[in-house]
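In what follows, a single structure is set out as structure tokens and then discussed.
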Amino acid sequence: MSYPPPPGQSPHNPYSAPQQPQQGAPYGYPQQGAPAPYGYPQAGMPAYPGGGMQPTVSMPGVVVTARVLLFIAGSLWALFGVILLIGGVAANDALDDIPGVGAAGGAALGVALFGLLIGGGLAALHIVPASMFGRGRTGTRVTAIIAGSVNALIPLLSFIGSLASSDSAAGSLILAVLWLATAVLTIAFCSMSAAGQWFNRPQY
């Protein structure tokens with residue numbers, strides 16, 4: 001004669017360990033709760049926006065390219081300011097040896113210092129947000145777009161001036177087109193949805 005299994009044991013495997021009853025539940029019911037619906041975070045797992053989606057951990061290619069372009073543009077602006085300063089100092093020293101034109105040397109040095117200030121400011125406008133792409137938020141992205149817009153304005157004016165002038169050199173025209181293209185690419189890459197997802201990702 002077979003006897004019914006003790007309470008809490010499976011009728012198919014009478015030798016299995018008895019299950020502990022849940023507090024407040026009838027004896028013999030399992031303690032484990034029902035599985036969560038699909039798309040909801042399980043117990044013990046971190047919940048991310050978007051129904052359990054994992055955050056982006058690698059920088060998208062368009063963001064990396066925009067960062068490189070910002071670093072290059074900032075370096076060129078810094079180099080431009082240094083060259084202006086060297087030229088202004090050299091012109092000041094050369095004109096000081098000529099009687100009657102000492103004021104022109106001072107003016108050249110003043111223009112060079114102003115150019116160094118402008119070049120340093122534009123260099124910082126490009127390099128600072130580019131260096132913050134790893135941990136920056138939406139403000140970093142907006143600053144990068146502003147830097148690209150400012151960087152596109154100067155070659156655009158130079159390109160328009162080259163088209164209006166009949167004796168403009170082809171080399172300066174090509175340089176202006178390349179400069180404008182890199183600035184436009186920086187703006188476009190920072191405006192893409194992949195860039196928005198990167199700068200709006202959860203950071204812990």
Side-chain angles (χ1 to χ4, degrees), residues 35-86 110-164 172-204:
Y38 180 78
Y40 288 84
Q42 302 292 331
M45 296 180 60
Y48 299 103
M53 295 177 60
Q54 299 293 332
T56 305
V57 294
S58 60
M59 189 180 297
V62 292
V63 180
V64 174
T65 305
R67 187 182 195 182
V68 172
L69 292 176
L70 285 172
F71 274 126
I72 293 175
S75 302
L76 291 177
W77 277 115
L79 181 62
F80 173 75
V82 171
I83 291 175
L84 278 182
L85 179 62
I86 295 174
V111 172
L113 291 175
F114 180 75
L116 177 64
L117 181 64
I118 296 297
L122 290 174
L125 182 62
H126 288 78
I127 294 176
V128 171
S131 62
M132 297 174 61
F133 268 33
R135 299 291 296 176
R137 307 298 293 174
T138 305
T140 303
R141 180 190 181 194
V142 173
T143 306
I145 293 176
I146 293 175
S149 302
V150 173
N151 197 34
L153 180 62
I154 297 176
L156 180 61
L157 295 177
S158 177
F159 179 73
I160 295 175
S162 298
L163 292 180
S172 61
L173 184 61
I174 294 175
L175 181 61
V177 170
L178 292 177
W179 188 353
L180 180 61
T182 56
V184 171
L185 285 177
T186 303
I187 300 172
F189 289 159
C190 291
S191 303
M192 288 184 175
S193 59
Q197 293 174 3
W198 169 255
F199 288 106
N200 294 325
R201 74 193 186 282
Q203 297 185 13
Y204 301 98

Legend entry - Backbone N/O of Ala147 and side chain of His126: donor-acceptor pair under 3.5 Å: yes

Inset, instruction - Quick one: closest heavy-atom pair of Val82 and Leu116, and the distance? - result: N-CD1, 4.0 Å

Legend entry - Set of residues satisfying side-chain contact (heavy atoms from CB on, under 4.5 Å) with respect to Phe71, sequence neighbours excluded: Arg67, Ile127, Ala130, Ser131

Inset, instruction - Kindly determine whether Trp77 and Ile72 satisfy side-chain contact (heavy atoms from CB on, under 4.5 Å), including the steps that lead there. - result: CA-CA 9 Å; Trp77 277 115; Ile72 293 175; over 6 Å; no

Legend entry - Spacing of CG belonging to Asn151 relative to OG1 belonging to Thr182, to within rounding of 0.5 Å: 6.0 Å

Legend entry - Non-hydrogen side-chain atoms of Leu122 and Val150 separated by less than 4.5 Å: yes

Side-chain polar contacts of residues 187-195 - donor-acceptor pairs under 3.5 angstrom, sequence neighbours left out - could you list them?
residue : atom : partner : partner atom : Å
Ser191  : OG   : Ile187  : O            : 2.7

Legend entry - Non-hydrogen side-chain atoms of Leu113 and Leu85 separated by less than 4.5 Å: yes

Inset, instruction - Please tell me if the side chains of Leu76 and Phe80 come closer than 4.5 Å, counting only heavy atoms from C-beta onward. - result: no

Inset, instruction - Sequence neighbours left out, what passes side-chain contact (heavy atoms from CB on, under 4.5 Å) with Leu180? Give chain and number order. - result: Ala152, Pro155, Leu156, Val184

Inset, instruction - Check whether any side-chain N or O of Arg137 sits under 3.5 Å from a backbone N or O of Arg201 as a donor-acceptor pair, and report yes or no. - result: yes

Inset, instruction - Check whether any side-chain heavy atom of Leu70 sits under 4.5 Å from a side-chain heavy atom of Thr186, and report yes or no. - result: yes

Legend entry - OG1 on Thr143 to CE on Met132, rounded to 0.5 Å: 8.0 Å

Inset, instruction - Check the pair Trp179, Ile154 against side-chain contact (heavy atoms from CB on, under 4.5 Å), reporting the backbone distance first and the verdict last. - result: CA-CA 9 Å; Trp179 188 353; Ile154 297 176; 4.0 Å; yes

Inset, instruction - May I ask you to decide if Phe133's main-chain N or O and Trp198's side chain share a donor-acceptor pair within less than 3.5 Å? - result: yes

